[in-house]
Amino acid sequence: MLFRSVTGAFAGSPDDAIARELAREALVRVGLDGPQSAMLAGGLTTKQLRLMELARALASRPRLLLLDETFAGLSHDAIDEMIPIIRRINSEGVTVVIIEHTMHAMVQLADTFSVLDHGSIIANGPPAEVVRDRAVIEAYLGRKWLNRVENPVT
């Protein structure tokens with residue numbers, strides 16, 4: 001059952017009853033407290049699996065949450081449904097650090113972008129500035145795109 005999959009609650013809990021309550025709270029936080037909480041993880045959609053992974057991480061009540069490609073493979077609509085959940089988690093006092101390539105989500109979520117290319121930081125700052133940075137455009141979209149940005153067709 002999904003409820004049992006939220007094993008992060010057992011880390012640091014003094015007993016199983018408290019761990020189960022932390023697991024339940026984590027499922028509520030990500031919106032999986034309905035009928036899907038009784039499902040096996042194998043019967044969940046990709047979005048629900050990502051939410052379960054998020055609940056598993058939240059069950060241990062972290063102050064810092066590291067997310068790695070959380071939106072990979074999700075539809076645009078599923079991403080748009082998950083953005084407010086991650087925002088809410090952050091507003092509840094959890095610092096969220098995200099490694100992600102889905103830029104439409106990142107510009108909505110991030111306060112600061114740090115962009116790496118081959119292991120080196122090529123830009124750092126507010127998303128609105130970083131997405132217009134020449135080095136970022138060239139590294140992620142290519143020189144052809146950079147030429148379009150610098151020489152728009154009128």
- Item | Side-chain ion pair, R56 and E53, N-O less than 4.0 Å | no

Spacing of [atom1] belonging to [X] relative to [atom2] belonging to [Y], to within rounding of 0.5 Å:
X: L66; Y: T95; atom1: CG; atom2: OG1; value: 10.0 Å
X: I89; Y: R87; atom1: CD1; atom2: CZ; value: 12.5 Å
X: L58; Y: L22; atom1: CG; atom2: CG; value: 11.0 Å
X: I83; Y: M106; atom1: CD1; atom2: CE; value: 9.0 Å
X: E69; Y: L74; atom1: CD; atom2: CG; value: 11.0 Å
X: K47; Y: E81; atom1: NZ; atom2: CD; value: 3.5 Å

For L64 and V97, what are the C-alpha separation, side-chain angles and deciding distance, and is it a side chain to side chain contact (heavy atoms under 4.5 Å, CB included)?
CA-CA 8 Å; L64 173 67; V97 176; 3.8 Å; yes

Exercise: identify the closest heavy-atom pair between [X] and [Y]:
X: E100; Y: F71; answer: OE1-N, 3.0 Å
X: A110; Y: P127; answer: O-CG, 3.3 Å
X: V130; Y: N124; answer: CG2-C, 3.9 Å
X: L27; Y: A55; answer: CD2-CB, 4.0 Å
X: L32; Y: M52; answer: CD1-N, 3.4 Å
X: I85; Y: R29; answer: CG2-O, 4.1 Å

With heavy-atom distances below 4.5 Å as the criterion, would you say the side chains of [X] and [Y] are in contact?
X: I86; Y: L65; result: no
X: L51; Y: M82; result: yes
X: L67; Y: V96; result: yes
X: D133; Y: V115; result: no
X: D80; Y: Q108; result: yes
X: T46; Y: R50; result: yes

- Step by step, would you call V136 with V131 a side chain to side chain contact (heavy atoms under 4.5 Å, CB included)? CA-CA 7 Å; V136 172; V131 297; 6.0 Å; no

| request: Treat each ILVMFWY residue as a node, draw an edge where side-chain heavy atoms are under 4.5 Å apart, and state whether L109 and V107 are in one component. | output: yes

